[in-house]
Amino acid sequence: MDAVDISRFLTGMTLAVHIIFATIGVGMPLFFAIAEFIGIKKKSAQYIALAQRWAKGYTITVAVGVVTGTIIGLQLSLLWPTFMRIGGHVIALPLFMETFAFFFEAIFLSIYLYTWDRFKNQWIHFFISIPVIIGGSFSAFFITSVNSFMNTPAGMEIKDGRMVNVDPIAAMFNASFFVRSFHVIATALMTMAFILASIAAFKLIKNKIEKDRRYHQAALKITMIAGLIFSMLSMLAGDLSAKFLHQEQPEKLAAYEWHFNTESQADLVLFGVLDESTQEVKGAIHIPGALSFLSDSSFDTEVKGLNEFPKDELPPLIVHYFFDLMVFFGIFCFAISLAYVMALWIKKFNPHHKLLLYATLLGGPAAMLAIEFGWFLTELGRQPWIVRGFLKVQDAATDASGLVFVTILFAILYFVLLFSATYVLVRMFKNKPAYQHIERLNLRGDA
């Protein structure tokens with residue numbers, strides 16, 4: 001592996017770890033705010049306990065997310081110095097605003113965590129959660145803006161190998177910003193819903209204490225209803241993204257679907273094996289006309305094929321599998337949340353049936369895998385460009401030596417961080433049943 005490949009691998013590994021904590025950072029505040037809102041409205045210690053325990057666990061993931069986020073900032077300069085030299089000043093504004101949004105969130109999160117019993121009017125404490133939600137969401141908006149600029153650069157010109165005449169607002173709110181931001185927020189909220197639902201399902205499978213089961217059933221109800229809503233919003237975001245790619249990045253859409261020849265009534269290709277020499281796909285499921293419809297809501301839409309573009313500007317065709325897996329896991333999550341809500345609505349069905357609980361248990365990992373595959377899909381789909389149409393990855397990477405050793409050190413660090421975060425979260429709630437927390441709140445008169 002040369003310096004370019006190692007730089008790509010190390011950046012990909014860092015993003016794969018960071019996206020776990022970034023997703024939790026965006027999604028979690030909304031859920032403990034919802035639980036607290038219901039708890040105050042119903043005067044229920046059960047929901048207040050739910051909000052407190054979720055918020056307590058969130059603090060661990062925030063701490064690890066800060067570390068991995070800082071590493072990404074450092075790696076931009078260390079691994080991609082040419083990109084930062086040419087375009088660092090263009091993305092400086094959203095990077096600064098992302099840091100500001102994080103500090104905004106962190107300040108109000110600290111206030112939120114340490115003022116549970118400081119206000120006679122509980123609604124005051126609830127309203128403190130709103131800046132936490134805003135800070136987490138805006139942090140995602142600004143960092144997505146940087147990534148969107150790399151996919152659809154705007155607000156600058158290239159002269160003598162530098163980006164000049166920069167309009168930072170135009171660069172930040174580039175063509176793909178709104179579609180991608182909607183996609184990021186919707187999928188983060190969806191993923192967080194299924195992670196929390198997965199934990200509740202696990203507890204319901206293992207726990208036989210009735211008072212504890214009622215608590216986890218309440219958690220499951222909130223998260224699965226939210227999961228259904230946000231999975232539908234994620235599908236809408238995916239539809240809008242496909243239509244955007246059809247207009248702005250057709251080579252990316254064609255690579256996702258192994259679509260080689262320009263044609264109308266183009267098939268959607270699911271899975272299969274590609275013979276690149278003959279451009280023949282074997283063993284795939286073909287949905288007639290679906291790619292054309294996905295591209296512009298018409299089966300007669302003409303979809304550009306990969307043969308229309310220079311071969312040295314095409315993404316690696318492995319992205320097709322990432323697309324299929326992302327869609328598969330997303331649909332799986334939608335299906336189990338729909339089944340739960342239907343069982344909740346139709347009284348003769350049991351929403352806590354063991355089969356549904358086991359499926360829900362798989363929903364958390366499935367949703368996180370969908371997020372991971374989605375990000376790899378986006379990043380690999382932009383290849384060979386680091387800034388589409390302006391700067392290629394091979395020209396932006398460092399030529400420094402010693403990257404293998406650095407990569408090994410970072411791999412060890414990420415393992416330690418993931419293991420430590422998991423260990424601390426498990427220990428934080430082990431042998432501390434929820435019903436004891438609820439009883440303490442009732443004794444204190446907090447609900």
Side-chain angles (χ1 to χ4, degrees), residues 20-42 44-65 105-106 108-117 122-123 125-137 185 188-204 207 211-227 229-230 337 360-361 363-364 367-368 421-441 446-447:
I20 297 170
F21 301 98
T23 298
I24 295 170
V26 174
M28 191 61 165
L30 178 65
F31 284 94
F32 59 68
I34 290 172
E36 185 177 12
F37 178 87
I38 297 172
I40 297 170
K41 195 78 176 170
K42 290 188 172 183
S44 168
Q46 178 175 260
Y47 286 99
I48 297 295
L50 190 58
Q52 290 182 347
R53 288 164 73 91
W54 279 349
K56 185 179 178 182
Y58 177 58
T59 58
I60 305 302
T61 60
V62 167
V64 179
E105 176 190 10
F108 280 96
L109 178 62
S110 300
I111 297 169
Y112 183 83
L113 292 170
Y114 291 105
T115 57
W116 276 103
D117 54 354
Q122 290 180 305
W123 287 109
H125 185 266
F126 165 75
F127 287 126
I128 296 171
S129 70
I130 295 174
V132 182
I133 297 169
I134 292 171
S137 299
I185 297 296
L189 292 170
M190 167 190 159
T191 301
M192 196 66 247
F194 285 106
I195 289 172
L196 294 173
S198 183
I199 295 168
F202 175 78
K203 291 291 187 178
L204 286 169
N207 203 320
K211 287 186 287 187
D212 238 22
R213 287 181 63 83
R214 287 197 295 269
Y215 166 89
H216 294 299
Q217 286 171 0
L220 189 66
K221 184 176 181 180
I222 291 174
T223 53
M224 287 296 269
I225 292 172
I229 294 167
F230 291 125
S337 60
T360 304
L361 179 61
M368 185 55 76
T422 304
Y423 178 79
V424 171
L425 284 169
V426 170
R427 293 292 300 175
M428 187 178 283
F429 299 105
K430 191 175 182 181
N431 300 323
K432 294 177 183 176
Y435 76 86
Q436 292 179 355
H437 191 149
I438 296 167
E439 287 172 353
R440 285 197 300 272
L441 291 175
D446 285 5

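Sequential numbering from 1 along the given sequence is applied to the chain's residues. Keep in mind it's a predicted model, so treat the numbers as computed, not measured.
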Test side chain to side chain donor-acceptor pair (under 3.5 Å) applied to E36 and Y112, Y47, W116, W123, the passing residue: Y112
Exercise: identify the closest heavy-atom pair between P29 and Y58: CG-OH, 3.6 Å
Given I20, I24, V424, the one that forms side-chain contact (heavy atoms from CB on, under 4.5 Å) with T61: I24
Gap between atom CD1 of I38 and atom NZ of K221 - 0.5 Å precision: 8.5 Å
Evaluation steps, side chain to side chain contact (heavy atoms under 4.5 Å, CB included), between M192 and L196: CA-CA 6 Å; M192 196 66 247; L196 294 173; 3.8 Å; yes
Nearest heavy-atom neighbours spanning F194 and A367: CB-CB, 3.9 Å
Atom CZ of F202: over 12 foreign heavy atoms under 6.0 Å: no
Distance (rounded to the nearest 0.5 Å) between L50 CG and T223 OG1: 8.5 Å
Mutual orientation of the aromatic rings belonging to F126 and F37 [parallel < 30°, tilted 30-60°, perpendicular > 60°]: tilted
Worked check of side chain to side chain contact (heavy atoms under 4.5 Å, CB included) between F230 and L30: CA-CA 12 Å; F230 291 125; L30 178 65; 3.7 Å; yes
Side chain to side chain contact (heavy atoms under 4.5 Å, CB included) between Q52 and K56, worked out: CA-CA 6 Å; Q52 290 182 347; K56 185 179 178 182; over 6 Å; no
Euclidean distance, F31 CZ relative to I222 CD1, rounded to 0.5 Å: 9.0 Å
Minimum heavy-atom distance between V132 and L109, given as atom pair plus value: CG2-N, 3.6 Å
Approximate separation, where rounding is to 0.5 Å, of S198 OG and K203 NZ: 12.0 Å
Interatomic spacing from CE in M368 to OG1 in T23 - rounded to 0.5 Å: 5.0 Å
Flag side-chain contact, heavy atom, 4.5 Å: S137 against E105: no
Nearest heavy-atom neighbours spanning L189 and G27: CD2-CA, 3.7 Å
Atom of S129, atom of A33 and distance for their closest heavy-atom approach: OG-CB, 3.4 Å
Non-hydrogen atoms of W54 and A35 that approach each other most closely: CZ3-CB, 4.0 Å
Euclidean distance, I40 CD1 relative to I48 CD1, rounded to 0.5 Å: 5.0 Å
